Chemist: 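This is the structure, below, for whatever I ask next.
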Amino acid sequence: MSLSADEWAGYAVGATGAVGGWHPLDAPVWSSLTGVHAGLAEGSGPALRYQPDIAPFGAVAPDRDGGWPALAALAGTGPVLLAGLNHPLPSSWEVVGRIPGVQLVATDALVTAPEPDAVPLGMDDVDEMLDLVARTEPGPFLRRTVLLGTYLGVRRGGALVAMAGERLRPAGWTEISAVCTDPAHRGQGLAGRLVRAVGHGIRARGETPFLHTSAGNRGAIRLYGSLGFQLRRPVEFNALRPPAPDGGAR
């Protein structure tokens, strides 16, 4: 079920931090790939994407036209995932998946704190992280996604049962992502504790936490609201396949 009009009332934040007439959160992938994550990017000019085993996201420049051919060259046979569309989609591109989402930003009500039960996760933990993601489906997570930022996990009996970490890094902001808990260990508040712990590290850098989740995931939206996040805007995640190089069908 999508959010009602009343629930959307007052979602917008001010333009503080706007760059060149657009806010970093309005083009979070582009802002990340031209900033903190530039070393993890592929492409140049008006289109960029993450290295394919890190994240499926790509972007065209929000303040320039002509990015679609460049993104098609990067995507190859595709698909590539866009967090919102900053320019009209050419008719030659195919939408192969669409998820209505919401963007939430931390307010002063978010109380962040280290989590004593949390341990840092890295490349040596990737197989366990991928297994947890496969069972809980928090969103895209690939073999080198862990390189995007800090990831924290909670173990029980040596097994990884919950985690959360950092994904997109637009200027002045960091996205908290991959928030998931093994079904057998839910109801212990692990997700909220890990969000607060990851948020603690983000604020220590002088940045502000934010989140994306499905617009239909009312449970997650309620959880994040109870922690101190507020709705900022709707954002649609589109999996797009570029046209074939010869103009024919894929």
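Given the structure is predicted, the values throughout are model-derived calculations rather than measurements. Throughout, residue positions are numbered sequentially from 1 according to the sequence presented.
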Chemist: Return each pair, listed once, that meets salt bridge (Lys or Arg N to Asp or Glu O under 4.0 Å) where at least one residue sits in residues 64-86; pairs must be two or more places apart or across chains.
Modeler: none
Chemist: Answer whether the closest heavy-atom distance between the side chains of L81 and N238 falls below 4.5 Å.
Modeler: no
Chemist: Hey, does L48 have a side-chain heavy atom less than 4.5 Å from the side chain of T34?
Modeler: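 The answer is yes, as the side chains (C-beta and beyond) meet within the 4.5 Å cut-off.
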Chemist: Is V96 reachable from L85 through a run of hydrophobic residues whose side-chain heavy atoms are each under 4.5 Å from the next?
Modeler: no
Chemist: Compute the centroid of each ring, for H23 and then for W173, and state whether the two points are separated by less than 6.0 Å.
Modeler: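 Yes, close enough.
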Chemist: Establish whether L71 and F57 are linked, either directly or via other cluster members, by ILVMFWY side-chain heavy-atom contacts under 4.5 Å.
Modeler: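 No; tracing contacts between hydrophobic side chains, which count when under 4.5 Å, never links both residues.
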Chemist: Would you say I202 ends up clustered with L194 if hydrophobic residues are merged whenever their side chains have heavy atoms under 4.5 Å apart, either directly or through other cluster members?
Modeler: yes
Chemist: Where is the tightest heavy-atom contact between P209 and I176, given as atom of each residue plus distance?
Modeler: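 That closest heavy-atom pairing would be CB-CD1, 3.9 Å.
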Chemist: Heavy atoms only: give me the nearest P52-L142 pair and the separation to one decimal.
Modeler: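 For P52 versus L142, the nearest heavy atoms are O-CD1, 3.2 Å.
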Chemist: Taking side-chain contact (heavy atoms from CB on, under 4.5 Å) as the test, write out the residues that go with T213, two or more places apart.
Modeler: V102, L104, N217, A220, I221, Y224
Chemist: Taking all heavy atoms of G192 and all of L227, pick out the closest pair and write down the distance.
Modeler: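 Heavy atoms only, the tightest pair is CA-CD1, 4.0 Å.
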Chemist: Identify, with sequence neighbours excluded, every residue that meets side-chain contact (heavy atoms from CB on, under 4.5 Å) alongside Q51.
Modeler: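 So Q51 forms a side-chain contact (heavy atoms from CB on, under 4.5 Å) with E42, D53, I54, R144.
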Chemist: Are L148 and L33 connected in the hydrophobic side-chain network, where two residues link if heavy atoms are under 4.5 Å apart?
Modeler: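 Same hydrophobic cluster.
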Chemist: With sequence neighbours excluded, tell me which residues meet side-chain contact (heavy atoms from CB on, under 4.5 Å) with Q188.
Modeler: R156, H185, L190
Chemist: Run the side chain to side chain contact (heavy atoms under 4.5 Å, CB included) check on V235 and H212 step by step: do they pass?
Modeler: CA-CA 8 Å; V235 57; H212 288 114; 3.6 Å; yes
Chemist: Is it the case that over 12 heavy atoms from other parts of the model lie below 6.0 angstrom from the CG atom of L223?
Modeler: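 More than 12 heavy atoms, drawn from other residues, nucleotides or ligands, come within 6.0 Å of this atom.
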Chemist: To the nearest 0.5 angstrom, please state how far the OG atom of S31 sits from the NE2 atom of H37.
Modeler: 10.5 Å
Chemist: Give the minimum heavy-atom separation between P170 and S32, together with the two atoms involved.
Modeler: N-OG, 3.2 Å
Chemist: Taking the side chain as C-beta and beyond, is there a heavy-atom pair between V179 and P138 under 4.5 Å?
Modeler: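 No, their side chains stay 4.5 Å or more apart.
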Chemist: Please examine the side chains of W22 and D63, heavy atoms only from C-beta on, and report whether any two atoms are closer than 4.5 Å.
Modeler: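 Yes, close enough: below the 4.5 Å cut-off.
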Chemist: Can you check whether T150 reaches V198 side chain to side chain, under 4.5 Å on heavy atoms?
Modeler: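 No; the side chains remain at least 4.5 Å from each other.
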Chemist: According to side-chain hydrogen bond (donor to acceptor under 3.5 Å, both in side chains), who are the partners of R193, at least two apart in sequence or on a separate chain?
Modeler: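 R193 satisfies side-chain hydrogen bond (donor to acceptor under 3.5 Å, both in side chains) with E115, D117 once adjacent residues are dropped.
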Chemist: Enumerate the salt bridge (Lys or Arg N to Asp or Glu O under 4.0 Å) contacts for residues 173-184, please, sequence neighbours excluded, ordered by first and then second residue.
Modeler: R135-D182, R167-E175
Chemist: With D127, which residues qualify under side-chain contact (heavy atoms from CB on, under 4.5 Å), at least two apart?
Modeler: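 Partners of D127 under the side-chain contact (heavy atoms from CB on, under 4.5 Å) test: R143.
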Chemist: Tell me, do R233 and D26 make a side-chain contact under 4.5 Å, heavy atoms counted?
Modeler: yes
Chemist: Are V95 and F237 connected into the same hydrophobic cluster when the rule is that any two of I, L, V, M, F, W, Y join if their side-chain heavy atoms are below 4.5 Å apart?
Modeler: no
Chemist: So, taking the atom named CZ in F229 and the one named CG in L211, what distance separates them when rounded to the nearest 0.5 Å?
Modeler: 4.0 Å
Chemist: Grab the two heavy atoms, one from W30 and one from A61, that are nearest each other, plus how far apart they are.
Modeler: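 Looking at all heavy atoms of both residues, the shortest contact is CZ2-CB, 3.5 Å.
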Chemist: Hey, are the side chains of P140 and T145 touching, using non-hydrogen atoms and a 4.5 Å cut-off?
Modeler: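 No, side chains not in contact.
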Chemist: Taking only residues two or more places apart in sequence, or in another chain, which ones meet R155 in a side-chain hydrogen bond (donor to acceptor under 3.5 Å, both in side chains)?
Modeler: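 Listed in chain order: D125, E128.
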Chemist: Could you pull out all residues at least two apart from N86 that satisfy side-chain hydrogen bond (donor to acceptor under 3.5 Å, both in side chains)?
Modeler: none
Chemist: Of all heavy-atom pairs between G58 and L82, which one has the smallest distance, and what is that distance?
Modeler: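 In this case the closest contact between G58 and L82 is O-CG, 3.7 Å.
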Chemist: Check which hydrophobic residues are tied to Y151 through side-chain heavy-atom contacts below 4.5 Å, counting indirect links as well, and list them.
Modeler: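 So far as hydrophobic clustering goes, Y151 is joined with V119, L121, M123, V126, M129, L130, L132, V133, F141, V146, L147, L160, M163.
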Chemist: Using the side-chain hydrogen bond (donor to acceptor under 3.5 Å, both in side chains) criterion, which residues pair with R205? Sequence neighbours excluded.
Modeler: E166, T174, E207
Chemist: If you define the side chain from C-beta out and look only at heavy atoms, does anything of V60 sit under 4.5 Å from H87?
Modeler: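 Yes; the side chains approach each other to less than 4.5 Å.
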Chemist: Using the salt bridge (Lys or Arg N to Asp or Glu O under 4.0 Å) rule, collect all pairs that involve residues 75-84, keeping only residues at least two apart or in two chains.
Modeler: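 Checked against salt bridge (Lys or Arg N to Asp or Glu O under 4.0 Å) - neighbours excluded - no pair reaches residues 75-84.
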Chemist: Mind checking the CG-OG spacing from L168 to S177? Nearest 0.5 Å is all I need.
Modeler: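 With rounding to 0.5 Å, CG (L168) is 7.5 Å from OG (S177).
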